[in-house]
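Chain naming here is simple, since letters A, B, ... match the order of the sequence lines and numbering starts at 1 in each.
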Amino acid sequence: MPVVNADIASELDKVADLLEIEGANPFRVRAYRQAARLVGSLPRSVAEMVAAGDDLDALPGIGQDLAGKIALIATGKHLPLLDELEREVPPGITALLALPGLGPKRVHALHEALGIDSIDKLAAAAKSGQLHTVAGFGPGIEARLVRALAEGAGQAQRVKLATAEQVAEPLLRHLRGADGVLQVEIAGSYRRRRETVGDLDIVASAEPGKPVMDRFAGYEDVAEVTERGTTRSTIVLRNGLQVDLRVVAPESFGAALLYFTGSKAHNIALRQIAMARNLKLNEYGLFSGAKRLAGATEQDLYERLGLTMVPPELREDQGEIDASRQKRLPHLVTLDDIRGDLHMHTTASDGHDSILAMARAAQALGRAYIAITDHSKHVAVTHGLDAARLARQIDEIDRLNAGLKDFTVLKAIEVDILEDGSLDLPDRILRRLDLVVGAVHSAFDLPRGQQTARLLKAMDNPLLNILAHPTGRLINARPGYAVDIEAVMRGARERGCHLELNAQPDRLDLNDTSCRLAKELGLKVAISTDAHATTQLGHMRFGIDQARRGWLEPGDVLNAASLADLRRMLRRDVPAV
DNA sequence: GCCGTTTTCGGCCCGACTGTTTTCAGTCG
């Protein structure tokens, strides 16, 4: 069982947590945190890089020492440093860091004074009123901890982007209606379009002395106001989502938006560029001494730092700063580039609308073509199609196309990839289709090698064109099946197959880092809605968000092509490479 | 622990808010 990047990242984070509680050099702690973040976001398997003899210390922020430690973890060995730290600091203690108001110093103090090394012991101490006997713990902090424990804090889960949008947009409108408000934008990971968000960061500019904070705190959906200042306030909405609002003067709006959009790593890199020029960058602007050089817009700030404006989706310190400096930023795909949609269902299987309804709705969204991809028979609960029913659907689509103007419905299927890698319908019927989308809906728990071989075997069938939701993950609900995604991508490229970025907000599969890997490997990605109703055709935008985070340009996206070009690229007898 | 057209040593992003304080440490983003 190979060690996956997320496991390595979590080991490194654990080291950072424990070092922090021990009071280690904060920059050493940061080095571990940055390494964890880097490893967690690498598209390639670190275990495989180690096996291939790649130099890990060529990675930014990884020196000889960390390279050695990462290689150790990647090969399944124990990290002596971690063992040592766990002897000194009880491992359960790190869970305390997740509580609001508890950082390394206070956790350390609690452990020293009362021997608290777990949430349970903290709860007991709070209940018996011992907490305020610890130096630095007054009634305020005690009350806050008691409340957090009662609410089961420490388990806050990030919410899906689409879910966050549902509460964010009305709040944004509420703030825009406030007296004296000039500009309001949502920043943070929401603006970077991460697949999930931990909280919302809102930046506003306003005329001085206007009651914007009152408007914010008085929002009807507020459960609690946890911080209330003149320039910064924090509320918790009734659904548990925390929202921060920062209000600045108009001349600082761009700087504040830049700062609160992050990511943190991107900001730090920008500040270092500013420092190298003897300038100071903060949320109020870019300064030379006391003189403000820029601040009203992000564009000005980037330009004064010798950079071109970086789209928020790329601000992860993953090479975008160098690309910006060299004017080599990608021209990211936009919703307007999308010409078609290659995965959707109808009433024939588990969809809610007819083929014609889906076609009309897609055309109204500006698409020129769609593919109808109902399930095949193996997914019985969806009333999947057998060969005979698919044959009738083919005829129905032919008749329908004859009556459509400037729009084409492609005959297709989402055929099940069975456990042995064979397809759920015979070639003789698949051959009559315009394209074949294949997907796994069963046997999720195969060993990694076997799952990978299953997908490669499915793609061996020259009738298969697109591998749908390639990892099978459901955000916040189910990890993907174990699979060597890079091997699948290489296999797809050799065979002239393509991979899907499923745009359902709970799938987003391929994810952003896999998209970037696909691009590096020269593989085209189909961004598809997998719509089960006309209303879901709009989910395309969530797919676009992740594609942009994955640096994809229109030329990397299969369904940004015209129908004629698409048909050419779907031909398996002429490999794309 | 990392890193280097100012450095192989001495730096490492910066500010707001809270609570517990009499001028600031800790936490957070």
Side-chain angles (χ1 to χ4, degrees), chain A residues 12 15-16 19-38 56-70 79 81 96-110 131-145 148 156 187-192 197-203 213 225-235 242-248 252 255-287 305 317:
Chain A
L12 294 169
V15 172
L19 281 173
E20 203 166 30
I21 291 167
E22 279 209 326
N25 177 351
F27 297 106
R28 185 179 173 209
V29 175
R30 199 173 80 181
Y32 279 95
R33 292 230 187 276
Q34 284 176 341
R37 188 180 157 279
L38 174 80
L56 294 181
D57 62 1
L59 296 168
I62 307 295
Q64 289 236 323
D65 181 88
L66 275 169
K69 290 190 169 100
I70 290 169
L79 199 57
L81 171 63
L96 297 174
L97 292 171
L99 290 166
L102 282 194
K105 296 277 168 37
R106 286 184 186 141
V107 167
H108 184 76
L110 287 173
L131 288 187
H132 64 264
T133 64
V134 182
F137 282 76
I141 291 174
E142 188 173 44
R144 190 174 175 191
L145 284 175
S189 48
Y190 184 91
R191 183 161 177 248
R192 303 201 312 281
V197 303
D199 60 14
L200 292 176
D201 301 290
I202 303 182
V203 178
M213 286 306 180
V225 179
T226 54
E227 265 183 33
R228 179 66 189 271
T230 52
T231 68
R232 191 173 111 188
S233 294
T234 301
I235 59 173
Q242 177 178 307
V243 187
D244 297 332
L245 173 65
R246 188 67 182 254
V247 181
V248 297
S252 291
L257 186 60
L258 178 68
Y259 180 79
F260 287 101
T261 296
S263 64
K264 196 171 185 172
H266 181 85
N267 286 347
I268 289 172
L270 291 184
R271 286 175 181 218
Q272 282 166 345
I273 292 173
M275 275 172 56
R277 298 178 169 216
N278 273 323
L279 305 176
K280 187 173 78 168
L281 178 64
N282 59 25
E283 59 263 56
Y284 300 106
L286 180 68
F287 297 88
L305 292 172
D317 193 24

Donor-acceptor pair, distance only, cut-off 3.5 Å: does the side chain of A/Arg106 make one with the backbone of A/Gly101?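 Indeed, once roles are kept as given, a pair shorter than 3.5 Å links the two residues.
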Say whether, by atom type as modelled, one donor and one acceptor occur between the side chain of A/Asp201 and the main chain of A/Ala187 under 3.5 angstrom.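 Checked: no pair found.
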[atom1] atoms of [N] and [M], separation to the nearest Å:
N      : M      : atom1 : result
B/dC14 : B/dC9  : P     : 25 Å
B/dC3  : B/dC13 : P     : 14 Å
B/dC12 : B/dT8  : C1'   : 15 Å
B/dT6  : B/dG1  : P     : 28 Å
B/dG19 : B/dT23 : C1'   : 14 Å
B/dT20 : B/dC28 : P     : 15 Å

Excluding sequence neighbours, so at least two apart, what forms side-chain contact (heavy atoms from CB on, under 4.5 Å) with A/His266?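 Testing A/His266 for side-chain contact (heavy atoms from CB on, under 4.5 Å), a comparison that skips the adjacent residues, returns A/Ser263, A/Leu270, A/Tyr302, A/Val310, A/Arg315, A/Glu320, A/Ile321.
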Write down the distance between [atom1] ([X]) and [atom2] ([N]), rounded to a whole number of angstrom.
X        : N      : atom1 : atom2 : answer
A/Leu281 : B/dG15 : CG    : C1'   : 12 Å
A/Gln34  : B/dC2  : CD    : P     : 11 Å
A/Gln64  : B/dT8  : CD    : P     : 19 Å
A/Asn282 : B/dC28 : CG    : P     : 22 Å
A/Arg144 : B/dT18 : CZ    : P     : 9 Å
A/Asp65  : B/dT8  : CG    : P     : 21 Å
A/Asp244 : B/dG15 : CG    : P     : 18 Å
A/Phe27  : B/dG11 : CZ    : P     : 11 Å

Can you check whether [X] has a side-chain N or O nearer than 4.0 Å to OP1 or OP2 of [N]?
X        : N      : answer
A/Arg28  : B/dG1  : yes
A/Ser233 : B/dA16 : no
A/Asn267 : B/dC13 : no

Gap separating the NZ atom of A/Lys69 from the CG atom of A/Leu66, nearest 0.5 angstrom: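 A/Lys69 NZ to A/Leu66 CG: 6.5 Å, rounded to 0.5 Å.
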Working to the nearest 0.5 Å, report the span between CG of A/Asp244 and CG of A/Asp199.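 Here the interatomic distance stands at 5.5 Å.
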Using the side-chain heavy atoms of [X], tell me which of these nucleotides is nearest: [options].
X        : options                : result
A/Ile141 : B/dG15, B/dT20, B/dC13 : B/dT20
A/Lys69  : B/dG1, B/dC12, B/dA16  : B/dG1
A/Lys280 : B/dG29, B/dG15, B/dA16 : B/dG15
A/Lys264 : B/dG15, B/dC13, B/dC17 : B/dC13
A/Leu66  : B/dG1, B/dC13, B/dA16  : B/dG1

By the rule that syn is within 90° of 0, classify the base conformation of B/dT7 as syn or anti.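 B/dT7: syn.
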Could you pick out which residue, A/Glu227 or A/Arg30, lies toward the 5' side of DNA chain B when each is mapped onto its nearest nucleotide?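 Checking each residue's closest nucleotide, the 5'-ward one belongs to A/Arg30.
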Start at the 5' end of DNA chain B and walk down; is the nucleotide closest to A/Gly136 or to A/Gln242 reached first?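 Upstream on the strand: A/Gly136.
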Donor-acceptor pair under 3.5 Å, A/Asp201 side chain vs B/dG29 base: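 Result: no qualifying N/O pair found.
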Go through the N and O atoms of the side chain of A/Tyr284 and the base of B/dG15, and report whether any donor-acceptor pair is under 3.5 Å.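 Counting by modelled atom types and ignoring angles, no donor-acceptor contact under 3.5 Å is found here.
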Could you go through A/Val203 and A/Thr261, starting from their C-alpha distance and side-chain angles, then the distance that decides it, and tell me whether this counts as side-chain contact (heavy atoms from CB on, under 4.5 Å)? CA-CA 9 Å; A/Val203 178; A/Thr261 296; over 6 Å; no
Suppose we screen for salt bridge (charged side-chain N to carboxylate O under 4.0 Å, His left out). Which residues come up paired with A/Arg277, at least two apart in sequence or across chains?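 Salt bridge (charged side-chain N to carboxylate O under 4.0 Å, His left out) list for A/Arg277, sorted by chain: empty.
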Any base atoms under 4.0 Å from A/Thr261, or only sugar-phosphate, or nothing? Heavy atoms, all strands.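 Nothing: the residue A/Thr261, judged by heavy atoms under 4.0 Å, touches no strand.
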Classify the nucleic acid contact of A/Thr234 as base, sugar-phosphate or nothing, counting any heavy atom under 4.0 Å across all strands shown.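 Since no nucleic acid heavy atom lies under 4.0 Å of A/Thr234, the category is nothing.
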What protein N or O atoms touch nucleotides 25-27 of chain B N or O atoms at under 3.5 angstrom, if any, and at what distances?
from: B/dT27; atom 1: OP1; to: A/Gly103; atom 2: N; distance (Å): 2.8
from: B/dT27; atom 1: OP1; to: A/Gly103; atom 2: O; distance (Å): 3.0
from: B/dT27; atom 1: OP1; to: A/Arg106; atom 2: N; distance (Å): 2.8
from: B/dT27; atom 1: OP2; to: A/Lys105; atom 2: N; distance (Å): 3.2

Looking at B/dT8, which nucleotide sits across from it as a Watson-Crick or G-U wobble partner, both distances under 3.5 angstrom, or is there none?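 Across all strands, not a single nucleotide pairs with B/dT8.
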Is A/Glu22 atom CD crowded by more than 12 heavy atoms from other residues, nucleotides or ligands, each under 6.0 Å away?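 Atom CD in A/Glu22 is crowded, with more than 12 foreign heavy atoms closer than 6.0 Å.
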Is there a side-chain contact between A/Val248 and A/Glu283 in this structure, where contact means two heavy atoms from C-beta onward sitting under 4.5 Å apart?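 No - every pair of side-chain heavy atoms lies 4.5 Å or more apart.
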